Amino acid sequence: MTWSTSDIPDLTGKLALVTGATSGLGYETALELLRHGADVLIAARNPDKAAQAAETLSQKAGRAPTVLELDLADLASVEKAADEVISSYDRLDLLINNAGVMAPPYRETVDGFELQIGTNHLGHFALTGRLMPLLLNGSRVVTVSSFMHKTVRGISKADLRRPAGSYRKWELYGKSKLANLLFMLELDRRVRAAGADLLSVGAHPGYAATHLQAAGPELAGNLRQARLAAATTRLVAQSAAAGAWPSLYAATYPDLRPGSFVGPGFLEYRGTPKVVLPTRTAQDAALAKELWDWSVEATGVDPALTVPR
């Protein structure tokens, strides 16, 4: 299959929300959506970085995005951001759950969850759930995972609040990315069971050159390791723009089937996007239901898949 961003259809009149859009994959995703006519909300926790990103996006796309303040590691911030969107718009055509943290030193979210699972999964679970009133009209939700979901064989309720003494950063990153896929597929199952009008799909970027690889060492104060990670990434990874292709394909390809997972075509490492397979663990419906229940309990958000009459 051949595909390029020129195949993205006209998105005029569509409203999209992209989390983590100040740099990397989210920035490139927002840029192409703007270029193809969509109105775009860029959600970010740092107002200064968001303003800078909005300015450069406006210059490159010829159209300005709207900034939405959102900290996925703070459930109160998620609630506030969702309320702002719901009060300002009557629909949301695309929600791209892109933001994430990777392999930082041990940290907890504002609400006491392990940072990676709390941000990458629970924050997006709560955001999607709170925005559900705007999403049940033919909208599409794209949840961004990673091929690192293949490195773990499960997730437990205890992982949500993993203590510092048993913290292994790459294991928890893999579990957070597994959680993204379990959530995406469980949302798809529940949507179809409810007869709701929403398309839940997933994507992963392969190995893309973003700041994510250096961010963990920077948080740990290891600037030498951060520089090495950045240099290695520049040498062997595809560009952030190419890394955004699976997300863009998942967000805009007209005939994508429910529950599809899109990644790079060459060994899921780089190249043109195509539909790929999650691991058996990611397709475990019983585990996905458990994670959904744990997430409802943890966030206090129970996504309603019916439109109130």
Side-chain angles (χ1 to χ4, degrees), residues 19-26 43-50 68-83 97-131 143-146 148-149 151-184 210-223 225-226 229 287-288 290-303:
T19 66
T22 58
S23 63
L25 304 176
R45 64 183 177 84
N46 186 316
D48 293 334
K49 288 184 66 175
L68 176 69
E69 188 171 344
L70 168 67
D71 184 354
L72 289 163
D74 181 349
L75 292 173
S77 174
V78 173
E79 181 176 12
K80 180 180 178 182
D83 287 347
N97 291 324
N98 163 82
V101 293
M102 183 174 76
Y106 183 80
R107 296 284 193 281
E108 292 182 357
T109 68
V110 171
D111 305 283
F113 302 107
E114 187 278 319
L115 181 64
Q116 295 181 93
I117 289 178
T119 301
N120 301 354
H121 167 61
L122 291 175
H124 282 125
F125 178 91
L127 179 66
T128 305
R130 290 194 179 279
L131 290 174
T143 301
V144 180
S145 181
S146 164
M148 287 294 288
H149 87 279
T151 64
V152 296
R153 296 185 178 181
I155 186 170
S156 70
K157 185 177 180 180
D159 289 323
L160 276 58
R161 295 185 184 271
R162 179 75 73 90
S166 62
Y167 177 67
R168 292 184 290 275
K169 60 185 180 182
W170 287 110
E171 178 195 12
L172 268 295
Y173 179 69
K175 285 176 180 284
S176 75
K177 296 289 101 179
L178 172 63
N180 289 149
L181 274 178
L182 289 165
F183 165 60
M184 181 275 286
T210 71
H211 182 65
L212 197 61
Q213 290 84 1
E218 286 177 355
L219 281 173
N222 192 333
L223 297 183
Q225 186 178 347
L287 179 60
E290 285 187 311
L291 177 64
W292 185 284
D293 292 341
W294 301 334
S295 301
V296 170
E297 180 183 343
T299 64
V301 178
D302 191 355

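Treat the numbers as computed from the prediction; the structure is a model and nothing was measured. Side chains are part of it too, since the values below use all heavy atoms of this structure and drop only hydrogens, waters and symmetry mates.
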[X] versus [Y]: any side-chain heavy-atom pair under 4.5 Å?
X: Leu181; Y: Met184; value: yes
X: His149; Y: Asn180; value: no
X: Ile155; Y: Leu287; value: yes
X: Lys169; Y: Tyr173; value: no
X: Thr143; Y: His124; value: no
X: Phe113; Y: Asp159; value: no
X: Glu297; Y: Lys157; value: yes
X: Met102; Y: Met148; value: no

Closest non-hydrogen atom pair between [X] and [Y], with its separation:
X: Leu70; Y: Ala43; value: CD2-CB, 3.7 Å
X: Val301; Y: Pro303; value: O-CD, 3.6 Å
X: Leu75; Y: Thr299; value: CD1-CA, 3.8 Å
X: Ala44; Y: Thr22; value: CB-CG2, 3.4 Å
X: Leu127; Y: Ala82; value: CD1-CB, 4.4 Å
X: Leu182; Y: Ala288; value: O-CB, 3.7 Å

Return yes if some donor-acceptor pair links the side-chain N/O of [X] with the main-chain N/O of [Y] below 3.5 Å, else return no.
X: Ser145; Y: Lys177; result: yes
X: Gln116; Y: Ala103; result: yes
X: Asn120; Y: Val101; result: yes
X: Tyr106; Y: Arg162; result: yes

To the nearest 0.5 Å, what is the distance between [atom1] ([X]) and [atom2] ([Y])?
X: Leu160; Y: Leu122; atom1: CG; atom2: CG; result: 5.0 Å
X: Phe183; Y: Thr128; atom1: CZ; atom2: OG1; result: 4.0 Å
X: Asp71; Y: Thr119; atom1: CG; atom2: OG1; result: 7.0 Å
X: Ser156; Y: Lys175; atom1: OG; atom2: NZ; result: 5.5 Å
X: Tyr167; Y: Glu108; atom1: OH; atom2: CD; result: 11.0 Å

Angle between ring planes, Phe125 versus His121, binned at 30° and 60°: parallel, tilted or perpendicular?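 Tilted, since the angle between the ring planes falls between 30° and 60°.
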Taking atom CZ of Arg45 as the centre, report whether more than 12 heavy atoms of other residues, nucleotides or ligands fall under 6.0 Å from it.
->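 Result for CZ/Arg45: open.
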